[in-house]
Number of protein chains: 2
Amino acid sequence: MRNTGEVDAVDAQLLLALTESPRATVLALAERVGLSRNTVQARLARLEERGALSSFERRIDPAALGYPLTAFVTVQVTQRMLTEVAAALDGVPEVLEVHGLSGQTDLLVHVVARDADDLYRIAGQLLATEGVERTTTALVMRKLVEHRMAPLLERAIRGGHDEG
Amino acid sequence: MRNTGEVDAVDAQLLLALTESPRATVLALAERVGLSRNTVQARLARLEERGALSSFERRIDPAALGYPLTAFVTVQVTQRMLTEVAAALDGVPEVLEVHGLSGQTDLLVHVVARDADDLYRIAGQLLATEGVERTTTALVMRKLVEHRMAPLLERAIRGGHDEG
DNA sequence: TCGGATACTGAGCACTTTGCTCACTCTCGA
DNA sequence: TCGAGAGTGAGCAAAGTGCTCAGTATCCGA
């Protein structure tokens, strides 16, 4: 099996095992998936070097840091100001992530806040940014499906070979 | 300093250190933040037990699994069907996360797909779900700000004591 | 002002894990 | 038939873990 740069079934098994116990040692993982320690170590190294694992920051819960409120702000931007607006958003600590959406002038901004007042302030800050034409703030009331990847991993384990 | 259940400056330092090198050993972290190994171990344990760290799944890049496309689908739901719709969405592997938004009948659904056709299929699947009245699909063209938590961590380190 | 709880330290110790190397096998695919 | 890629098992020194213990400092409430 020539490794194509994409995660294969065995990698998916490892990731799934890690999902269940992120602190598992290489030895434990090896036993879990029925491979030698050497192999597991090599695969983990490959996964990391390939960039299949993104920053640890994603695992940090903003609520634990004192930011229990989450909101998504849709921002409509003056066409030519996109870069400047992105830079301005990057400077706001409460902005966790910004997606550029199809439509080219719409941004989806993921923000967190300490409380309602705080959120109001941040939303105002976004709206006041030069190049921002309009914003719509939607507060997250509850998480109906928590972020998960397991179903796709399980599919990768079963499906196995025919990627794409 | 009575620990209130919220992350303090030292915890934030640890998390920041982990962000920079997620595989760092407890010993390395202790040296990094200038505390004893014992203390670091205790704090890490507390962080975990307190739930400040969410699932490892968040660190898995869907692109590496063969799902390079990301989209956000806004779903409007018949009022009384919310639970059923949530359950249906939970059953779709490509649905990574679902947020219930203010407005009570709007959901924000985070999906990934193998390609445009795949996304089309998934969007259709969402729309076909019983209880779903209307959907709007927005494709993510680019990430203008990658998910990050460092700015808030740094603020926690500086700010220090007055939480809230 | 005393007592208890909490946080931190440094030391110690047995045990496990890591990181690395080496030689060897197997199985594709050219 | 050859070579690259993937996996195995063994081995070894060094490092890290998990845990306990005794001692100190500090804050808080009674």
Side-chain angles (χ1 to χ4, degrees), chain A residues 1-53 56 59-61 64-66 153 156-164, chain B residues 1-53 56 59-61 64-66 153 156-164:
Chain A
M1 176 205 315
R2 210 50 87 260
N3 207 320
T4 56
E6 206 159 81
V7 162
D8 67 8
V10 176
D11 288 333
Q13 268 186 287
L14 284 175
L15 291 172
L16 200 53
L18 274 171
T19 289
E20 284 165 30
S21 45
R23 290 179 159 277
T25 65
V26 174
L27 235 61
L29 292 174
E31 207 170 313
R32 172 83 143 68
V33 303
L35 291 175
S36 80
R37 178 166 80 96
N38 260 342
T39 304
V40 170
Q41 223 151 12
R43 278 185 175 266
L44 286 181
R46 230 180 308 148
L47 278 174
E48 266 204 80
E49 131 191 61
R50 185 191 297 161
L53 263 37
F56 179 87
R59 285 195 56 198
I60 304 174
D61 182 6
L65 262 68
L153 289 175
I157 293 172
R158 293 183 205 297
H161 354 296
D162 66 290
E163 294 288 335
Chain B
M1 174 208 317
R2 207 52 84 259
N3 206 320
T4 56
E6 206 159 83
V7 162
D8 67 9
V10 176
D11 288 335
Q13 267 186 288
L14 284 174
L15 291 172
L16 200 53
L18 274 172
T19 290
E20 283 165 30
S21 46
R23 291 178 158 275
T25 65
V26 174
L27 235 61
L29 291 174
E31 207 170 313
R32 171 85 143 68
V33 303
L35 292 175
S36 79
R37 180 165 80 96
N38 258 344
T39 305
V40 170
Q41 222 151 15
R43 278 185 176 266
L44 286 182
R46 229 181 308 149
L47 278 174
E48 266 206 81
E49 132 190 59
R50 183 191 298 162
L53 262 37
F56 179 86
R59 285 196 57 200
I60 304 175
D61 181 6
L65 261 69
L153 289 176
I157 293 173
R158 294 183 204 296
H161 355 295
D162 65 290
E163 296 286 337

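Worth saying up front: this structure is predicted, and the values here are computed from it rather than measured. Only this structure's heavy atoms are used, side chains among them; waters, hydrogens and symmetry mates stay out. Each chain gets a letter, A, B and so on, in the order its sequence line appears, and its residues count up from 1.
As a whole-Å value, the separation of B:Leu44 CG from C:dC8 C1' is 15 Å. B:Leu35 has its CG atom 10 Å from the P atom of C:dG10, to the nearest Å. Summarising the geometry, the separation between CD on B:Glu31 and P on D:dA15 is reported as 12 Å, rounded to the nearest angstrom. With rounding to whole Å, B:Asp8 atom CG is found 11 Å from C:dA7 atom C1'.
Remark: A:Arg46 is not in phosphate contact with D:dG5, judged by side-chain N or O atoms under 4.0 Å from OP1 or OP2. The shortest distance between the side-chain N/O atoms of B:Thr39 and the OP1/OP2 oxygens of C:dA7 is not below 4.0 Å. Side-chain nitrogen and oxygen atoms of A:Ser36 include none within less than 4.0 Å of the OP1 or OP2 phosphate oxygen of D:dG9.
Partners of A:Leu47 under the side-chain contact (heavy atoms from CB on, under 4.5 Å) rule, at least two apart in sequence or in another chain, are A:Val7, A:Asp11, A:Leu15, A:Leu44, A:Arg50, A:Ala52. Residues satisfying the side-chain hydrogen bond (donor to acceptor under 3.5 Å, both in side chains) criterion with A:Ser21, sequence neighbours excluded, are absent altogether. Judged as a side-chain hydrogen bond (donor to acceptor under 3.5 Å, both in side chains), and not counting sequence neighbours, the contacts of A:Arg32 are A:Glu20. Residues that satisfy the side-chain hydrogen bond (donor to acceptor under 3.5 Å, both in side chains) test with B:Thr39, not counting sequence neighbours, are B:Ser36. Among residues two or more places apart in sequence or in another chain, the salt bridge (charged side-chain N to carboxylate O under 4.0 Å, His left out) test is passed with A:Glu31 by none.
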Heavy-atom contacts, protein to nucleotides 14-24 of chain C, under 4.0 Å, summarised as B (base), S (sugar-phosphate only) or - (none) per nt, yield ---SBBBBB--

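Under the 4.0 Å criterion applied to side-chain N and carboxylate O atoms, A:Asp8 and A:Arg46 are not assigned as salt-bridge partners.
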